[in-house]
Amino acid sequence: MAEHSLLLVDDEVNVLRALRRVLRSEPIEVRTATRAAEALTMLDAHPAQVVVSDQRMPDATGVDLLATVRERHPDVIRLLLSAFTEVDTAIDAVNRGQVHRLIAKPWNDDELRVTLRQAFEQWDLTNEVHRLDRLTRAQNAELQALNRNLEAMVQDRTKQLAQKNQDLRDAYVQTIRALAEAVDAKDSYTRGHSERVGVYASKIARELDFPKAMIERVYIAGLLHDVGKIGVRDAIITKPDRLDDEETAEMRRHPEIGARILEPVRFLADVVPCVRHHHEWFDGSSRGYPHRLSGDRIPIASRVILVADTVEAMTSDRPYRKGLPLERVVSEIHDFSGTQFDPTVASAFLRILEREGERFIRRDQKFDIYAFIEG
Ligand SMILES: [Fe+2]
Ligand SMILES: [Fe+2]
């Protein structure tokens, strides 16, 4: 079967026969119809790419037939055979888009063949354009689907990664907590001290509007601030009485020991100076240690921890006294603001205390950076 099909419509069988003869050598399949209705039925049953219709037929004009063909089969190329006497109607039909081209009657054989070849070429071209258009659309749709998929995949992976990060961070904080607890356990009176210092310090850090990463660093440094007590003799740590000079000197080595213990841990690099300087005084006086740093030269996390440490120590029971009331803590922080404590940190603490009162030192508080920041 030829690739191209042509439907010829004319009520005069002689004309149809003549046309067939002209087209005999063309590589196309030719069908014929003598009535407009018949032509439409045939076209429904056997698609043709080109229809040539006579204008004057008993059951319809060629223009009307071709207008119907256009409605039902918009891709079909429509040619009208018309005599010179009908030329006005025919031109009008071309202009209104019902007909692609006119073939003058009587026709020139060579011209007719060329016209038909061009009609099939036009069909092929339009068909190819449509095919490419459909292909582009399909590919676009596919790409869009792929993009949506990719986006979903990226979101999914990001979520998984965030979860993994969170798990890792939790595990790391738990390890640090365990270490801090081990240190606190050296003395039954300091059980939970480090965790509470971490929590208090992180609350002050939040009050100071520190960024999230910094609040976390303050908490971790709070947990680890006394880790150096591992290197201090138990007899000194648990001694209920005042320490003598030599014992005080040994006790005062704990920030440096702690810093040394943590130094080899790469991911704690930021925390090391905070631990080393958590007993420096803001005024740089000799009461601070180990380096008698002052003001801004003391890491801010250390300044925050010093306040938190003092609050925790004062409000906790000791072998020689019960935990002190918050009023005592307030006056202490107040009195030493500017000498021992950074005034900015001290007033941040006092602000929170005004809001929270006893809740500030509630023992069951846990550090949760997410609850903290978003809550
Ligand atoms: Fe300490
Ligand atoms: Fe401490």
Side-chain angles (χ1 to χ4, degrees), residues 176-205 217-240 242-243 245 247-263 268 271-282 284-293 298-321 323-324 328-329 332-333 336 339-342 345-346 349 360-361 363 365 367:
I176 291 169
R177 263 196 204 123
L179 185 61
E181 271 166 32
V183 175
D184 293 345
K186 284 185 81 163
D187 177 359
S188 60
Y189 280 94
T190 54
R191 194 175 298 274
H193 168 72
S194 300
E195 171 72 31
R196 284 191 295 277
V197 170
V199 171
Y200 299 171
S202 57
K203 287 168 83 168
I204 298 171
R217 187 189 306 164
V218 167
Y219 170 69
I220 301 290
L223 275 181
L224 291 171
H225 74 285
D226 278 341
V227 79
K229 286 189 177 170
I230 282 177
V232 178
R233 278 178 294 146
D234 289 7
I236 296 177
I237 286 174
T238 55
K239 187 176 177 184
R242 214 168 240 299
L243 303 179
D245 287 353
E247 289 163 343
T248 303
E250 181 171 346
M251 186 61 142
R252 285 186 164 207
R253 286 178 52 224
H254 81 270
E256 188 59 42
I257 297 171
R260 295 257 168 90
I261 289 173
L262 302 177
E263 255 162 6
L268 291 176
V271 170
V272 171
C274 311
V275 169
R276 178 171 281 129
H277 298 294
H278 78 274
H279 282 293
E280 307 281 7
W281 278 42
F282 190 70
S285 74
S286 61
R287 286 172 292 185
Y289 56 93
H291 291 169
R292 291 177 55 185
L293 297 184
I298 308 167
I300 180 69
S302 307
R303 286 177 261 155
V304 171
I305 286 163
L306 183 60
V307 172
D309 195 18
T310 306
V311 173
E312 207 293 323
M314 287 184 76
T315 52
S316 294
D317 293 343
R318 285 293 179 265
Y320 45 89
R321 61 149 171 83
L324 299 168
R328 274 292 307 280
V329 176
E332 176 92 1
I333 299 290
F336 286 86
T339 51
Q340 187 177 7
F341 307 118
D342 178 345
V345 176
F349 161 72
F360 183 84
I361 53 167
R363 299 234 146 190
Q365 298 180 87
F367 174 77

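For the single chain, residues carry numbers from 1 onward in sequence order. Indexing begins at 1, ligand by ligand and atom by atom, following the structure's order.
His193 has its closest N, O or S atom to the Fe ion (ligand 2) at the position named NE2.
Centroid-to-centroid, the aromatic rings of His291 and His279 stay 6.0 Å apart or farther. Two rings, from Phe341 and Phe282, have their centers 6.0 Å or more apart.
Applying the side-chain hydrogen bond (donor to acceptor under 3.5 Å, both in side chains) test between His193 and each of Glu181, His225, Lys229 identifies His225 as the sole match.
The NE2 atom of His278 and the NE2 atom of His279 meet at the Fe ion (ligand 1) at an angle of about 80°, given to 10°. Angle NE2 (His225) to the Fe ion (ligand 2) to OD1 (Asp309): 90°, rounded to 10°.
Within the 2.8 Å limit, Asp226 places at least one N, O or S atom next to the Fe ion (ligand 2).
Between Asp234 and Lys186, at least one side-chain nitrogen of the basic residue sits less than 4.0 Å from a carboxylate oxygen of the acidic one, meeting the salt-bridge criterion.
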